[in-house]
> 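Would you mind keeping the following structure in view while I ask a few things?
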Amino acid sequence: MKKIQMHTPLVEMDGDEMTRILWKMIKEELLLPYIDLNTEYYDLGLEYRNETDDQVTIDAAMAAKKYGVAVKCATITPNQARMKEYSLKKMYKSPNGTIRAILDGTVFRAPIVVKGIEPCVKNWKKPITLARHAYGDVYKNTEFYIDKPGKVELVYTSEDGEEKRALVQEFKAPGVAMGMHNMDASIESFARSCFNYALDTKQDVWFGAKDTISKTYDGRFKEVFQNVFEKEFKEKFQDAGLVYFYSLIDDIVARVMKAEGGFIWACKNYDGDVMSDMVSSAFGSLAMMTSVLVSPDGYYEYEAAHGTVQRHYYRHLEGKETSTNSVATIFAWSGALRKRGELDKNAELADFAQKLEKATLNTIESGKMTKDLALITTLKNAKVLNSRDFILAVRKELDKMM
Ligand code: NAP
Ligand code: MG
């Protein structure tokens with residue numbers, strides 16, 4: 001069989017621990033036998049990040065800007081324990097944070113739906129994609145505890161000295177107060193990412209906030225979304241037969257529970273944090289969740305939603321067998337290869353991505369799965385495979401299709 005050719009390199013960001021082990025197996029067993037893999041490789045493993053003072057992360061993000069599509073393995077975000085474990089020169093920032101700061105954009109997470117792993121919500125038939133605004137609000141707040149009577153005010157002083165002042169509360173007794181903000185530009189790029197992703201994946205967009213209570217703050221989110229939609233997307237949505245609709249967040253939550261899925265749920269930062277955990281666990285598992293960062297300029301970075309699965313890695317280092325789920329990492333690759341194929345008009349590559357996903361799902365539906373899924377499956381004949389054997393089982397399915 002002639003291997004599939006790639007015209008443009010894909011930016012490959014390697015990572016840490018158990019996911020680094022899976023990464024290598026996926027390449028060797030599921031990609032290299034079929035594709036003349038053309039990647040620009042960046043080693044984001046913690047050791048090499050330390051060696052390069054984290055320059056490699058910046059270089060990788062710049063490469064993603066240059067080529068437009070990247071695939072990333074899970075990476076360690078250092079903490080005190082990791083400082084010691086890896087003798088780090090400093091406590092580097094989260095690579096995801098660094099990459100997001102360079103590319104800007106919105107993270108879209110969607111469950112991988114497969115027969116045998118049934119959502120807790122019985123009417124959910126299609127994936128629900130969560131789009132989380134990743135800037136501001138309570139995540140960049142200023143807050144304090146008030147321990148005696150007094151008043152809290154919100155004061156704004158413009159550069160030319162104009163002042164706006166509003167009373168937050170007259171405290172007669174102890175309590176708490178908080179200030180937070182967001183930016184038009186950030187909300188605009190969030191809206192744009194959501195609408196572009198909707199056109200890309202042919203899904204409606206639902207957005208909810210609380211503008212009845214927060215008339216100015218949440219009201220601004222509603223306005224900005226509406227403006228961006230009217231100006232840039234209305235016609236494209238009409239042509240594609242898609243809908244954007246805004247409602248109150250509580251109304252949206254109620255509708256989501258009754259819906260069958262298949263839409264993008266745009267959430268403000270805090271709502272997205274909370275709701276993505278609810279949606280992902282209701283669909284089954286974090287190991288069955290895709291994640292893609294879409295920048296407003298049209299760059300894409302695909303990854304798994306879970307971490308480096310440290311506990312399994314330590315077992316692996318002890319020479320013990322592991323049964324780590326590689327599905328989200330396989331789908332990060334297939335997502336990136338499909339996007340590369342679309343952008344390069346390389347139908348063969350996009351078609352391969354489709355087959356890789358189908359082979360993965362067929363494997364699970366035939367009862368072969370890793371332990372995490374075997375614990376929750378409704379299939380009667382589930383067989384638990386170790387990390388490698390699962391990937392080999394996918395390869396068998398893939399061979400049948402190629
Ligand atoms: P984690 O890697 O997501 O794993 C937490 C637990 O979830 C595992 O111990 C395992 O449970 C289960 N799990 C997660 N993924 C699984 C998979 N693919 N297959 C089977 N089980 C899976 O989170 P963590 O252990 O808290 O974090 C480890 C490292 O990952 C940290 O250093 C953190 O900084 C990093 N991290 C990176 C990213 C990223 O790069 N995107 C995201 C989150 C965390 P059992 O042990 O019970 O089997
Ligand atoms: Mg959370």
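Whatever order the structure lists ligands and atoms in, that order sets their numbers, starting from 1. Keep in mind that what you see is a predicted model, and the values were worked out from it rather than measured.
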> In terms of relative ring orientation, are Phe352 and Tyr34 parallel, tilted or perpendicular, with 30° and 60° separating the classes?
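Ring orientation, 0 to 90° scale: tilted.
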> Parallel, tilted or perpendicular, judged at 30° and 60°: which one describes the rings of Phe225 and Phe190?
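If you compare the ring of Phe225 with that of Phe190, the planes turn out perpendicular.
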> Select all protein residues for which some heavy-atom-to-ligand 1 distance is less than 4.0 Å, and list them by chain and number.
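Around ligand 1, where the cutoff is 4.0 Å for heavy atoms, the contacting residues are Lys72, Ala74, Thr75, Ile76, Thr77, Arg82, Asn96, Ala287, Glu303, His306, Gly307, Thr308, Val309, Arg311, His312, Thr324, Asn325, Asp372.
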> Does any donor atom in the side chain of Trp23 or Glu12 lie under 3.5 Å from an acceptor atom in the other side chain?
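Glu12 and Trp23 do have a side-chain donor-acceptor pair below 3.5 Å.
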> Please determine if Lys90 and Asp53 form a salt bridge, counting it only when a charged side-chain N lies under 4.0 Å from a carboxylate O.
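Asp53 and Lys90: not salt-bridged.
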> Does a salt bridge link Asp251 with Arg255, judged by any charged N lying under 4.0 Å from a carboxylate O?
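Looking at Arg255 together with Asp251, the answer is yes, because their closest N to O distance falls below 4.0 Å.
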> For Asn50 and Tyr92, does a side-chain donor sit closer than 3.5 Å to a side-chain acceptor?
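Asn50 vs Tyr92: donor-acceptor pair found between side chains.
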